[in-house]
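It should be emphasised that the depicted structure is a prediction, and the values quoted were computed from it without experimental measurement. Here is the naming used below: chain letters follow the sequence lines, and residue numbers restart at 1 for every chain.
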Number of protein chains: 2
Amino acid sequence: MTDTLMTIREMCDAFDVTARTLRFYEGKELIFPQRDGTRRLYTKRDRARLKLILRGKRFGFSLEDIRQLLDMYDTDGSEKSQYLRTYALAQDRLVQMENQRRDLDEAIAELRQQLRDGAEMFAAYSQARLGKSAA
Amino acid sequence: MTDTLMTIREMCDAFDVTARTLRFYEGKELIFPQRDGTRRLYTKRDRARLKLILRGKRFGFSLEDIRQLLDMYDTDGSEKSQYLRTYALAQDRLVQMENQRRDLDEAIAELRQQLRDGAEMFAAYSQARLGKSAA
DNA sequence: CGTCAGACTTACGTTAACGTCAAGCACTCT
DNA sequence: AGAGTGCTTGACGTTAACGTAAGTCTGACG
């Protein structure tokens, strides 16, 4: 029943991150592994936090933002202002992401148009090599 | 009829970029302003290229990618292989952007869910301060 | 003629999130 | 005991796209 503590290498394999990354996150105070002498031992709590960190990164949050958000899952329910701050943070981020998506959509549309134009421009040169589907 | 040549400051105002940015792009061989002694004078061609550079940035291209793409608009039509390269580059970038868009969608959905969950978690604490639309 | 705004060159600084050594300690196997 | 493997702590390197500061120069104005 030693499965509640994991070595750094086990963590690397489990989460597909490097040891450097885990130490880096520790330096940034995102996780707090125990020590066996000098070696790190990661608890269930560390794993939960790491999961959230990686999810946060997928959201596009900075590590500093994530450090704040982690407290949202962490606080015991008595820290209302903390909740409100992180809630606001998440909402702001959501707005940013939606804007980003809009920009991305425009860019995609514009780029598609460019590709169509470009395709016309040099169609004569490349008919033999550009994929003519089933012909 | 001096309106075909612009000073660096006029360029900054016209395109909303800093002088440093224009010099930087020149260093990267993206634009090639003339000189009046030591001062830069930007031609119509420079303006056209800058417009494309800024558009490329909106697409998320790196400046190095953009330098390649610029040749797509620039070449005289005889450089077929160049066309094909930049065409492929643009298509790759389009795929990347569509993937990015998909990731972003997922992240937005997930974050929205988190916000809903979070909202429930501390609804009791914050009913008075969270926006209750139309009381 | 003095000076003052702008432009110029050169070069180091910045930010985020790690990567990549370097050098040293702790076990373990043989 | 020697060797090897894994973990540790520094600490400097990396990338992109500029920002910023220092020092010089030049032309126009009063």
Report task. Between B/F61 and A/R35, just flag the one whose closest nucleotide in DNA chain D comes earlier from the 5' side. Result -> A/R35

Query - Heavy-atom side-chain contact between A/R23 and A/R40 under 4.5 Å - result: yes

Requested in this report: Provide the start and end nucleotides, 5' to 3', of the part of DNA chain D that has atoms under 4.0 Å from heavy atoms of chain A.
Outcome: D/dG6 to D/dA11

Query raised in the report: Should B/R67 and B/E26 count as an ion pair when the cut-off is N to O under 4.0 Å?
Result: no

Report summary line: Atom CD of B/E26 and atom C1' of C/dT10 are separated, to the nearest Å, by 15 Å

Query raised in the report: Between atom CG in B/L41 and atom C1' in C/dA7, what is the gap in whole Å?
Result: 11 Å

Query raised in the report: Do the non-hydrogen side-chain atoms of A/L5 and A/Y42 ever get within less than 4.5 Å of each other?
Result: no

Query raised in the report: For B/T21 and A/Y42, take the nucleotide of DNA chain D holding the closest heavy atom to each; which residue's nucleotide lies nearer the 5' end?
Result: A/Y42

**Report entry** Non-hydrogen atoms of B/L30 and B/L63 that approach each other most closely
**Finding:** CD2-O, 3.9 Å

Query raised in the report: For A/R20 and C/dT20, is the shortest distance between a side-chain N/O and OP1 or OP2 below 4.0 Å?
Result: no

**Report entry** A/R35 vs A/L41 side-chain heavy atoms within contact, under 4.5 Å
**Finding:** no

Requested in this report: Mind checking B/S62 for me? I need base, sugar-phosphate or nothing, with any heavy atom below 4.0 Å counting as a touch.
Outcome: sugar-phosphate

**Report entry** Below 4.0 Å: OP1/OP2 of C/dA7 and any side-chain N or O of B/R40
**Finding:** no

Query raised in the report: How long is the span from the CG atom in A/L54 to the CG atom in A/L50, to the nearest 0.5 Å?
Result: 4.5 Å

**Report entry** Terminal axis angle for the helix from C/dC1-D/dG30 to C/dT30-D/dA1, five pairs an end, nearest 10 degrees
**Finding:** 30°

Query raised in the report: With sugar-phosphate meaning primed atoms plus P, OP1 and OP2, does A/R23 contact a base, only sugar-phosphate, or nothing at under 4.0 Å between heavy atoms?
Result: base

Could you tabulate the donor-acceptor pairs under 3.5 Å formed by side-chain atoms of residues 7-16 of chain B, not counting sequence neighbours?
residue: B/T7; atom: OG1; partner: B/R9; partner atom: N; Å: 3.4
residue: B/T7; atom: OG1; partner: B/E10; partner atom: N; Å: 3.2
residue: B/E10; atom: OE1; partner: B/T7; partner atom: N; Å: 2.9

Query raised in the report: Hey, is the side chain of B/R9 poking within less than 4.0 Å of OP1 or OP2 on C/dA7, counting only N and O atoms?
Result: yes

